[in-house]
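Read through the structure below, which is laid out as structure tokens, and then see the notes.
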Amino acid sequence: MLKNRSTSKLDLKRLHIECERNYTRLNGLGFNALQNGAHSVFEFKNRKEIKLQLDVKEVSRYTSLVSIVFNQAALKWVPRVELQVRYYEDAKMAEVIAWCSDRVIPFELSEINMKQSRDEKWQWNAFFGEILVKVLKHGELTIRA
């Protein structure tokens, strides 16, 4: 049975829980998201060609903008993933706000846009969480500046 898109609800509680988890995961890497210009690169222990690069682009009083590039050169069929993450120190959340340079997630997904699903914002935050979990488990810091 298909759901009517106009009546389906965005689950903000689920989105907020994922963003709170990503904040904790990002801090677990030892990355300082509040230091302007901070730069770190993580590689996977068994696969040096898979890298996660984090760069702080801007810092304001309670938030930072972090650029994240997940490059897995060994997997030719998986493109390089670029994310922009808003790091909220006061709310203890890290939220994906844009991906792959050309897709910006609307603040409110109430507009009906056939190119996006209602939970696309959660999907990208969950994907970011999966990357962070893998790096926490199998990654090692190779560059910190």
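Residue numbers run from 1 in the order of the sequence given.
- Relative ring orientation between Phe44 and Phe70 is described as perpendicular, the plane-to-plane angle rising above 60° on a 0-90° scale split at 30° and 60°.
- Side-chain atoms of Phe42 and Leu54, non-hydrogen and from C-beta on, do get closer than 4.5 Å to each other.
- Annotation: side chain of Leu65 is in contact with side chain of Ile97 (closest heavy-atom distance under 4.5 Å).
- Clustering ILVMFWY residues whenever any of their side-chain heavy atoms sit less than 4.5 angstrom apart, transitively, puts Met93 in a cluster other than the one holding Val85.
- The shortest side-chain heavy-atom distance between Val81 and Trp124 falls under the 4.5 Å cut-off.
- Residues Val69 and Leu52 have side chains not in contact (no heavy-atom distance under 4.5 Å, counting atoms from C-beta outward).
- Phe128 CZ to Cys19 SG: the interatomic distance, rounded to the nearest 0.5 Å, is 9.5 Å.
- Salt-bridge formation is not detected for the pair Arg25/Glu130: no Lys NZ or Arg NE/NH1/NH2 atom is positioned less than 4.0 Å from an Asp or Glu carboxylate oxygen.
- Among residues two or more places apart in sequence or in another chain, the salt bridge (Lys or Arg N to Asp or Glu O under 4.0 Å) test is passed with Lys57 by none.
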### Query
So Leu132 and Leu26, side chain to side chain contact (heavy atoms under 4.5 Å, CB included) or not? Walk me through it.
CA-CA 7 Å; Leu132 291 175; Leu26 194 56; 4.2 Å; yes

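- Here Glu82 contributes atom CD and Gln53 contributes atom CD; the two are 9.5 Å apart, rounded to the nearest 0.5 Å.
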Please list every donor-acceptor pair under 3.5 Å in which a side-chain atom of residues 134-145 meets a protein atom from a residue at least two apart or in another chain.
from   : atom 1 : to    : atom 2 : distance (Å)
Glu140 : OE2    : Lys48 : NZ     : 2.4
Thr142 : OG1    : Val41 : O      : 3.2
Arg144 : NH2    : Gly30 : O      : 3.0

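- The distance from atom CG of Asn27 to atom CG of Leu34, rounded to the nearest 0.5 Å, is 8.0 Å.
- Between the side chain of Ser67 and the backbone N or O of Asp55 there is no donor-acceptor pair closer than 3.5 Å.
- The backbone N or O of Asn125 sits less than 3.5 Å from a side-chain atom of Asn22, completing a donor-acceptor pair.
- Considering all non-hydrogen atoms of both residues, Ala33 and Ser64 come closest at O-OG, 2.6 Å.
- We find the OG1-OH distance between Thr63 and Tyr88 to be 7.0 Å, quoted to the nearest 0.5 Å.
- With respect to Glu49 and Lys51, no salt bridge is recorded, no charged nitrogen being found less than 4.0 Å from a carboxylate O.
- Salt-bridge annotation for Lys121 and Glu95: present, with a side-chain N of the basic residue lying under 4.0 Å from a carboxylate O of the acidic one.
- For Glu20, the salt bridge (Lys or Arg N to Asp or Glu O under 4.0 Å) criterion is met by no residue, not counting sequence neighbours.
- Within the structure, every pair that satisfies the ring pair (Phe, Tyr, Trp, His ring centres under 6.0 Å) test and touches residues 16-38, not counting sequence neighbours, is listed here: Tyr23-Tyr87.
- For Tyr62, the side chain to side chain contact (heavy atoms under 4.5 Å, CB included) partners at least two apart in sequence or on another chain are Asp90.
- Qualifying salt bridge (Lys or Arg N to Asp or Glu O under 4.0 Å) partners for Glu58, counting only residues two or more places apart in sequence or in other chains: Arg86.
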